[in-house]
Amino acid sequence: MTIVVYNTLTRETEPFETLEPGQVRMYVCGPTVYDEAHVGHAMSSIVFDFVRRYLEYRGYQVRHVMNFTDVDDKIIARAHKLGEDPAALANRYVERYQDQLDRLNVRRPTALPRVSQTIDEIIAMIEGLIERGHAYATPSGDVYFRVHTDADYGKLSRRKLEEAVSGTRVTSSEEKLDEGDFALWKAAKPGEPSWDSPWGKGRPGWHIECSAMNMRYLGEQIDIHGGGNDLIFPHHENEIAQTESFTGKPFARYWMHNGMLQLKGEKMSKSLGNLVTIDEFLAEHDADVLRVVIAGSGYRKPLMFNSDVLADGERALERLRSALRPATGDGTAGPAAEQLADHVRAARAAFEAAMDNDFNTAGGLAAIFDLVRAINAARDAGIGGEPFADAQGVFRTLTDVLGLRLAGPEAGEQSIAPFVELLLVVRQDLRKAKQWALSDKIRDELKALGVIVEDSPQGSTWRLAD
RNA sequence: GGCGACGUAGCCAAGUGGCAAGGCAGGGGUCUGCAAAACCCCGAUCGCCGGUUCAAAUCCGGCCGUCGCCUCCA
């Protein structure tokens with residue numbers, strides 16, 4: 001079976017073939033660090049974490065680069081407003097975001113470059129573009145990319161140059177040769193962070209950083225370039241123009257774009273002010289909830305995000321966790337054991353078939369839920385031992401591809417365990433004596449304290465509520 | 001205005017030519033002293049109208065609706 005990937009560049013699903021066998025070079029656009037990151041950013045990071053984890057599951061070695069844009073107009077504006085150093089402000093959010101990624105169980109990218117640490121490469125690339133006639137410096141010290149020199153400009157966003165230009169509402173600089181030309185380098189204004197360059201003090205434009213970082217960490221050509229679909233134009237369009245004009249080679253083989261999170265029917269964004277920050281989300285929910293919700297739909301489609309969806313996600317997560325409850329019997333043979341083994345095989349095959357198809361996590365998750373049912377049915381049928389452990393092992397392997405931790409609430413569990421168990425021993429005696437009122441009272445009171453007691457023919461079990 | 005995406009059961013949502021996954025909610029049942037959990041069973045002809053095809057949710061055209069990009073944006 002081969003993996004197929006939907007490529008924004010061709011608008012088609014294509015077989016996945018890497019530049020180097022077994023090696024994947026993947027670059028994903030990260031955030032501009034001027035403010036608190038929201039769940040939309042988290043979604044993008046999680047989507048490409050799914051991609052990475054699945055490719056690794058399939059045996060690829062993945063070099064995964066995610067950038068931080070730490071030099072930018074908004075960062076400067078924000079820092080001025082707060083009376084803070086722009087670099088310090090950016091640095092703070094960079095560290096915050098890395099911590100948030102950890103808490104979201106996103107595998108650390110193999111490199112996390114920042115614009116401020118890639119200035120030399122950026123300058124070198126701009127010089128190269130000027131030499132090749134694709135860029136020009138202006139008297140005031142700006143450098144622009146000359147869009148007309150790129151014959152296939154607009155191929156990613158399917159925009160004709162004239163259209164792209166006529167739609168532009170930005171006041172054009174007098175010094176630009178063409179409306180569509182975009183800045184590679186911006187001359188410094190007083191009080192702004194700046195670096196020395198052949199064109200005087202200044203700082204990089206928005207798009208050149210990603211081209212330079214790609215080149216530095218992954219080379220002239222890469223396999224996967226990812227990001228939110230709001231970056232298709234102009235960011236990724238310009239990135240292609242710069243890199244391909246510089247190298248003369250096709251840049252990324254597969255352009256992958258995730259859909260936007262929808263909040264109250266609108267895209268979640270800072271400018272609309274309708275956002276939920278990652279910290280706010282994690283204060284209320286387990287990271288697994290976000291992963292289950294995101295995995296439950298196609299990564300390219302807009303994703304509904306509201307309290308109903310989150311509540312459904314919580315319940316779905318509980319159901320997933322139910323598969324990890326221990327066996328209650330020790331049967332290892334017979335029809336039930338064989339049926340379990342069959343279901344495990346089928347679930348794994350279905351999971352892979354779905355994921356091979358453009359990382360269809362919704363289909364993969366469905367296969368996992370089928371496995372949950374099989375495991376729970378086997379437990380009910382008294383299966384235990386190796387067959388049961390194997391099934392749970394596969395379950396763990398597959399849920400790990402989706403980055404699910406599936407840890408139940410455990411805070412303080414160690415310390416309360418002896419007391420809860422003592423209560424259950426006493427309660428067991430009460431039940432033997434058919435003292436239902438009292439034994440039910442214990443169960444109800446424990447529940448009120450967040451301890452769920454469940455009785456079964458094999459005895460009573462307990463666990464913490466969420 | 002230009003470019004693009006989407007519209008599947010109460011809700012979320014897979015599936016892109018051959019009898020419509022999964023989750024949540026709901027109903028019925030098994031188990032149980034009861035409760036819970038788990039397990040079993042139950043639901044849609046896929047926005048509307050035409051067309052292509054032996055066959056369409058899946059392809060083509062039109063209409064309606066929602067959303068995104070065109071300005072910083074995951």
Side-chain angles (χ1 to χ4, degrees), chain A residues 8 11 13 28-32 34 37-48 66 69 72-74 77 154 157-160 162-171 206 226-235 237 257-262 265-272 292-293 295-298 300-306 308-320 322-323 325 328 350 354 357 360-370 372-381 431 434-437 439-440 443-444 447 452-457 461 463:
Chain A
T8 307
R11 310 288 157 112
T13 306
V28 181
C29 285
T32 299
Y34 72 101
H38 57 73
V39 286
H41 297 110
M43 177 188 178
S44 189
S45 288
I46 287 173
V47 162
F48 290 100
M66 189 190 86
T69 299
D72 168 86
D73 289 344
K74 288 197 296 291
S157 59
R158 310 243 157 156
R159 247 170 256 263
K160 291 185 175 59
E162 311 81 63
E163 288 167 355
V165 169
S166 65
T168 302
R169 286 175 235 154
V170 167
T171 329
W206 178 32
N229 66 13
D230 53 349
L231 295 178
I232 294 173
F233 188 89
H235 185 56
E237 193 70 73
H257 293 96
N258 64 276
M260 297 291 103
L261 224 45
Q262 300 291 122
E266 289 177 313
K267 164 188 162 185
M268 181 181 297
S269 79
K270 290 172 183 173
S271 46
L272 290 170
V292 165
V293 167
S297 93
R300 285 190 273 136
K301 290 193 178 180
L303 175 60
M304 206 62 71
F305 188 86
N306 57 44
D308 286 345
V309 165
L310 293 182
D312 288 355
E314 297 270 14
R315 299 302 309 278
L317 186 56
E318 273 180 45
R319 178 161 172 71
L320 289 174
S322 73
R325 292 178 196 163
T328 49
N357 182 21
N360 180 354
T361 51
L365 192 56
I368 289 174
F369 276 112
D370 288 340
V372 169
R373 177 172 294 108
I375 288 172
N376 287 336
R379 184 192 301 103
D380 283 358
R431 294 183 71 213
K434 298 196 190 301
Q435 300 259 18
W436 305 127
S439 69
D440 287 354
R443 189 173 63 195
D444 292 344
K447 185 173 185 185
I452 295 170
V453 175
E454 288 169 355
D455 301 321
S456 77
T461 60
R463 61 195 161 86

Distance (rounded to the nearest 0.5 Å) between A:Cys29 SG and A:His257 NE2: 7.5 Å
Looking for any heavy atom pair under 4.0 Å, which part of the strands does A:Asp444 touch: base, sugar-phosphate only, or nothing? nothing
Need the pair for B:U16. Rule: Watson-Crick or G-U wobble, both distances under 3.5 Å, any strand; none if unpaired. none
Determine the interatomic distance between P on B:C70 and the same-named atom on B:A74; round to the nearest Å. 12 Å
Considering only heavy atoms and no angle criterion, is a donor-acceptor pair shorter than 3.5 Å present between the side chain of A:Asn306 and the base of B:C12? no
Applying a 4.0 Å non-hydrogen cut-off, can you work out what A:Leu231 is touching in the nucleic acid: base, sugar-phosphate, or nothing? sugar-phosphate
How long is the line joining CD of A:Glu314 and C1' of B:C12, in whole Å? 15 Å
How many whole angstroms separate atom CG of A:Leu261 from atom C1' of B:C67? 13 Å
About how many Å separate CE of A:Met66 and OG of A:Ser45, when rounded to the nearest 0.5 Å? 5.0 Å
Indicate whether OP1 or OP2 belonging to B:A74 is found under 4.0 Å from a side-chain N or O atom of A:Thr32. yes
Of the options B:A37, B:A74, B:C69, whose atoms approach the side-chain atoms of A:Arg463 most closely? B:A37
In short, A:Ser322 meets A:Val372 closest at the heavy-atom pair OG-CG1, 3.8 Å
For the side chain of A:Phe369, counting heavy atoms from C-beta on, which of B:A38, B:G23, B:U16 is nearest? B:G23
Using the C1' atom as the point on both nucleotides, what is the distance between B:U53 and B:C40, in whole Å? 41 Å
Scan A:Gly298 against the nucleic acid and name what it touches under 4.0 Å (heavy atoms): base, sugar-phosphate only, or nothing. sugar-phosphate
For A:Met260 and B:A5, give me the distance from atom CE to atom C1', rounded to whole Å. 12 Å
Let me know the distance between CE of A:Met304 and P of B:U66, rounded to the nearest Å. 13 Å
How many Å lie between CH2 on A:Trp436 and P on B:U32, as a whole number? 12 Å
With P as the reference atom in both, quote the distance from B:G62 to B:G23 in angstrom, rounded to an integer. 39 Å
Whole-Å distance, A:His257 NE2 to B:C6 P, equals 15 Å
Which whole-number value in Å describes the distance from A:Arg373 CZ to B:C24 C1'? 13 Å
Would you mind telling me which of B:A14, B:C70, B:A21 lies closest to the side-chain atoms of A:Ala366? B:A21
Which sits closer to the 5' end of RNA chain B, A:Val293 or A:Ala374, going by the nucleotide each is nearest to? A:Val293
For B:C46, which nucleotide is its Watson-Crick or G-U wobble mate, given both distances must be under 3.5 Å? none
Can you tell me how far C1' in B:G27 sits from the matching atom in B:C69, rounded to whole Å? 45 Å
Any-strand Watson-Crick or G-U partner of B:U32, both distances under 3.5 Å: none
Indicate, with a heavy-atom threshold strictly under 4.0 Å, whether A:Gly30 touches base, sugar-phosphate, or nothing. sugar-phosphate
Checking A:Thr361 side chain against A:Ala295 main chain: does a donor-acceptor pair fall under 3.5 Å? yes
In whole angstrom, give me the gap between the C1' atoms of B:G4 and B:G22. 29 Å
For atom CZ of A:Phe305 and atom C1' of B:A13, their distance in whole Å: 16 Å
For A:Asp72, answer base if it contacts any base atom (sugar-phosphate contacts may also be present), sugar-phosphate if it contacts only those atoms, and nothing otherwise; contact means non-hydrogen atoms under 4.0 Å. nothing
Within the structure, does a side-chain N or O atom of A:Arg379 lie under 4.0 Å from either OP1 or OP2 of B:A38? no
Classify the nucleic acid contact of A:Ser157 as base, sugar-phosphate or nothing, counting any heavy atom under 4.0 Å across all strands shown. sugar-phosphate
I'd like the C1' distance from B:U45 over to B:C39, given in whole Å. 30 Å
For A:Thr461 and A:Arg325, what are the C-alpha separation, side-chain angles and deciding distance, and is it a side-chain contact (heavy atoms from CB on, under 4.5 Å)? CA-CA 10 Å; A:Thr461 60; A:Arg325 292 178 196 163; over 6 Å; no
Quick check: any donor-acceptor pair below 3.5 Å linking the side-chain of A:Arg431 to the base of B:G33? yes
Quick one: which of B:A21, B:C12, B:A74 gets closest to the side chain of A:Val309? B:C12
With a 3.5 Å cut-off and just heavy-atom distances, do the side chain of A:Asn229 and the base of B:G68 make a donor-acceptor pair? no
Is there a donor and acceptor pair, one atom on the side chain of A:Arg443 and one on the base of B:A35, closer than 3.5 Å? yes
Value for CG (A:Leu231) from OG1 (A:Thr8), rounded to nearest 0.5 Å, stands at 11.0 Å
Return no unless some side-chain N or O of A:Asn360 is found under 4.0 Å from OP1 or OP2 of B:A14. no
N-O pairing of A:Arg315 and A:Asp312 below 4.0 Å: no
Residue A:Phe233, side-chain atoms from C-beta onward, closest of B:G23, B:C70, B:A37: B:C70
Nearest to the A:Ser439 side chain among B:A14, B:G23, B:G33, which nucleotide is it? B:G33
Between the side chains of A:Asp444 and A:Lys447, is the shortest nitrogen-to-carboxylate-oxygen separation below 4.0 Å, so that they form an ion pair? no
Complementary nucleotide for B:C59 - Watson-Crick or wobble, under 3.5 Å: B:G51
Nearest of B:C12, B:A38, B:A37 to any side-chain atom of A:Arg325? B:A37
Can a donor-acceptor pair under 3.5 Å be found between the side-chain atoms of A:Asp440 and the base atoms of B:G33? yes
Among the nucleotides B:G33, B:A74, B:C39, which one has an atom lying closest to any side-chain atom of A:Asp380? B:C39
Can you tell me the base-pairing partner of B:A9? Count Watson-Crick or G-U wobble geometry only, both distances below 3.5 Å, and say none if there is no partner. none
Strand partner of B:C3, provided both Watson-Crick or wobble distances fall under 3.5 Å: B:G68
Nearest 0.5 Å, what's the CD-NZ distance between A:Gln262 and A:Lys301? 13.0 Å
Assign each of A:Leu303 and A:Ser322 to its nearest nucleotide of RNA chain B by heavy atoms, then name whichever residue's nucleotide is nearer the 5' end. A:Leu303
Provide the distance between the two C1' atoms, one in B:A56 and one in B:G51, to the nearest whole Å. 12 Å
Is the shortest side-chain N/O distance from A:Lys301 to OP1 or OP2 of B:G68 below 4.0 Å? no
Could you tell me how far B:U30 sits from B:G15 if I compare only their P atoms? Round to whole Å. 38 Å
Value for CG (A:Leu303) from CG (A:Asn258), rounded to nearest 0.5 Å, stands at 10.0 Å
